[in-house]
A.B. asks: 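Can you read through this structure? Questions will come right after.
Positions are given from 1, in the same order as the sequence printed here. These numbers were taken from a predicted model, which means no experiment stands behind them.
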Amino acid sequence: MTVRYSDVLGSLRAAYDAEADDRESRAGAKSAWKLAERTAFLVRMRADGRRDLLELGAGTGHDSLFFKEEGIDVVAIDLSPRMVEHCLAKGIDARVADFLHLGFPEASFDAVYALNSLLHVPNADIDPVLASVRSVMRPAGLFFLGVYGGRSHEGPLENDDHIPPRHFSLRTDEELQSLVTRHFEVVDFHTVVMPTNDLHFQSLTLRRPT
């Protein structure tokens with residue numbers, strides 16, 4: 001049976017609502033490589049003269065807060081109302097939304113940032129989600145897309161301890177790059193090795209064509 005994004009939204013929302021407070025308490029323990037990825041995107045935004053940003057799947061808002069404190073105008077969305085509450089408590093403009101219903105006019109943002117959020121979008125709907133993201137970006141806007149992958153997989157992961165279990169769509173490097181090039185130009189692609197499992201982190205900086 002084909003899994004659709006609408007099929008997994010309820011379980012994802014429940015899983016992240018249940019974890020929101022714990023995730024907030026652990027937010028200061030972000031890995032050095034994640035901090036480096038975030039900073040590199042900020043540097044690229046500044047070099048490009050980009051001034052506003054939409055974060056997709058913002059969680060409790062610590063990355064959004066980083067960009068805001070660096071002078072970027074930030075809007076954050078998350079599927080989880082509890083996650084959005086944590087964002088709002090930090091003074092972030094945050095809303096509950098999903099990736100197919102972003103709720104913004106076309107060409108609203110200079111940049112989009114999505115760290116480990118689009119890996120929950122099933123293969124059947126990743127194309128329309130990427131088109132949705134592209135639609136809210138200004139021409140030549142930048143999109144940071146970071147996900148775990150390296151092998152093909154669709155469904156829950158055996159080591160996922162969330163309740164209810166979350167849906168994951170993992171893709172090989174070739175599969176992921178093939179998907180994104182239907183909608184964006186690739187500015188940079190590299191991977192980060194994960195020493196504790198068989199996956200690696202796939203880092204993509206993309207540009208909306210003019």
Side-chain angles (χ1 to χ4, degrees), residues 1-31 33-34 37 54-65 75-90 92 94-103 112-133 144-172 175-176 179-180 192 194-204:
M1 184 181 72
T2 300
V3 180
R4 305 303 302 263
Y5 189 41
S6 58
D7 297 329
V8 303
L9 289 179
S11 59
L12 287 170
R13 182 180 292 111
Y16 282 116
D17 271 349
E19 195 204 27
D21 292 343
D22 183 58
R23 182 163 292 211
E24 171 66 8
S25 71
R26 294 185 282 109
K30 191 178 287 286
S31 302
W33 65 266
K34 289 184 180 179
E37 293 287 328
L54 172 65
E55 183 176 8
L56 306 178
T60 61
H62 284 267
D63 287 336
S64 284
L65 183 61
V75 180
I77 69 160
D78 200 277
L79 187 64
S80 158
R82 289 288 297 123
M83 294 290 192
V84 169
E85 288 176 13
H86 283 288
C87 291
L88 293 171
K90 296 179 178 68
I92 298 164
R95 302 119 188 250
V96 177
D98 68 68
F99 302 148
L100 283 176
H101 305 91
L102 296 173
V112 175
Y113 183 83
L115 176 65
N116 288 331
S117 55
L118 267 65
L119 47 65
H120 294 309
V121 179
N123 289 324
D125 284 309
I126 190 64
D127 256 328
V129 163
L130 291 172
S132 175
V133 174
F144 176 82
L145 171 58
V147 291
Y148 294 116
R151 59 181 172 88
S152 298
H153 170 86
E154 184 148 71
L157 293 174
E158 289 184 4
N159 61 350
D160 184 28
D161 58 1
H162 287 66
I163 299 173
R166 298 168 297 171
H167 173 90
F168 288 86
S169 289
L170 308 179
R171 301 166 181 103
T172 67
E175 288 168 341
L176 183 60
L179 285 167
V180 299
V192 179
M194 299 289 104
T196 58
N197 57 48
D198 65 333
L199 301 177
H200 56 246
F201 182 77
Q202 300 161 316
S203 175
L204 279 154

A.B. asks: Between Glu24 and Arg82, does at least one N-O distance fall below 4.0 Å, as a salt bridge requires?
C.D. replies: no
A.B. asks: Glu37 and Ser203: which non-hydrogen atoms are nearest, and at how many Å?
C.D. replies: OE1-OG, 2.6 Å
A.B. asks: Please name the pair of heavy atoms, one in Cys87 and one in Ala58, separated by the smallest distance, quoted to 0.1 Å.
C.D. replies: SG-CB, 4.2 Å
A.B. asks: Taking the basic N atoms (NZ, or NE/NH1/NH2) and the acidic carboxylate oxygens, is any pair closer than 4.0 Å for Asp63 and Lys30?
C.D. replies: yes
A.B. asks: Taking atom NE2 of His153 and atom OH of Tyr148, what is their separation to the nearest 0.5 Å?
C.D. replies: 15.5 Å
A.B. asks: Looking at His200 and Val192, what are the two nearest heavy atoms and their distance?
C.D. replies: CB-O, 3.3 Å
A.B. asks: In sequence, state the C-alpha distance, the side-chain angles, and the governing distance for Asp98 and Arg13, and then conclude on side chain to side chain contact (heavy atoms under 4.5 Å, CB included).
C.D. replies: CA-CA 10 Å; Asp98 68 68; Arg13 182 180 292 111; 5.7 Å; no
A.B. asks: Heavy atoms, side chains only, cut-off 4.5 Å: are Val121 and Leu130 in contact?
C.D. replies: no
A.B. asks: For Leu170 and Leu157: C-alpha separation, side-chain torsions, deciding distance, then whether side chain to side chain contact (heavy atoms under 4.5 Å, CB included) applies.
C.D. replies: CA-CA 10 Å; Leu170 308 179; Leu157 293 174; 4.1 Å; yes
A.B. asks: Decide yes or no for Val8 and Pro122: does some side-chain heavy atom of the first lie under 4.5 Å from some side-chain heavy atom of the second?
C.D. replies: yes
A.B. asks: Give me the atom names and distance for the closest heavy-atom approach of His167 to Gly155.
C.D. replies: CE1-N, 3.6 Å
A.B. asks: Can you measure from CG (Leu54) to CD1 (Ile77) and round to the nearest 0.5 angstrom?
C.D. replies: 5.5 Å
A.B. asks: For His62 and Thr60, work out which heavy atoms get closest and say how close.
C.D. replies: CD2-OG1, 3.2 Å
A.B. asks: Does any non-hydrogen side-chain atom of Tyr16 lie less than 4.5 Å from one of Leu79?
C.D. replies: no
A.B. asks: What distance do Ser6 atom OG and Leu100 atom CG have between them, rounded to the nearest 0.5 Å?
C.D. replies: 8.5 Å
A.B. asks: Compare all side-chain heavy atoms of Val84 with those of Pro81 and state whether any distance is below 4.5 angstrom.
C.D. replies: no
A.B. asks: Between the main-chain N or O of Arg166 and the side-chain N or O of Asp160, is there a donor-acceptor pair closer than 3.5 Å?
C.D. replies: yes
A.B. asks: Would you indicate whether the side-chain heavy atoms of Ile126 and Phe99 approach each other to under 4.5 Å?
C.D. replies: no
A.B. asks: Roughly how far, to the nearest 0.5 Å, is CG of Asn123 from OG of Ser152?
C.D. replies: 8.0 Å
A.B. asks: Determine whether the aromatic ring centres of residues His120 and Phe168 are separated by less than 6.0 angstrom.
C.D. replies: yes
A.B. asks: Does any part of the side chain of Leu102, heavy atoms only, come nearer than 4.5 Å to the side chain of Leu56, both counted from C-beta?
C.D. replies: yes
A.B. asks: Can you confirm whether Arg171 sits close enough to Val147 that some side-chain heavy atom of one is under 4.5 Å from a side-chain heavy atom of the other?
C.D. replies: no
A.B. asks: When rounded to the nearest 0.5 angstrom, what is the spacing between NE2 in His86 and OG in Ser64?
C.D. replies: 14.0 Å
A.B. asks: Are Asn116 and Lys34 side-chain neighbours, meaning at least one heavy-atom pair lies under 4.5 Å?
C.D. replies: yes
A.B. asks: How long is the span from the CD atom in Glu55 to the CG atom in Asp78, to the nearest 0.5 Å?
C.D. replies: 8.5 Å
A.B. asks: Evaluate whether atom CG of Leu88 has more than 12 neighbouring non-hydrogen atoms of other residues, nucleotides or ligands under 6.0 angstrom away.
C.D. replies: yes
A.B. asks: On a heavy-atom basis, which atom in Leu199 and which in Met194 lie closest, and how many Å separate them?
C.D. replies: O-CB, 3.2 Å
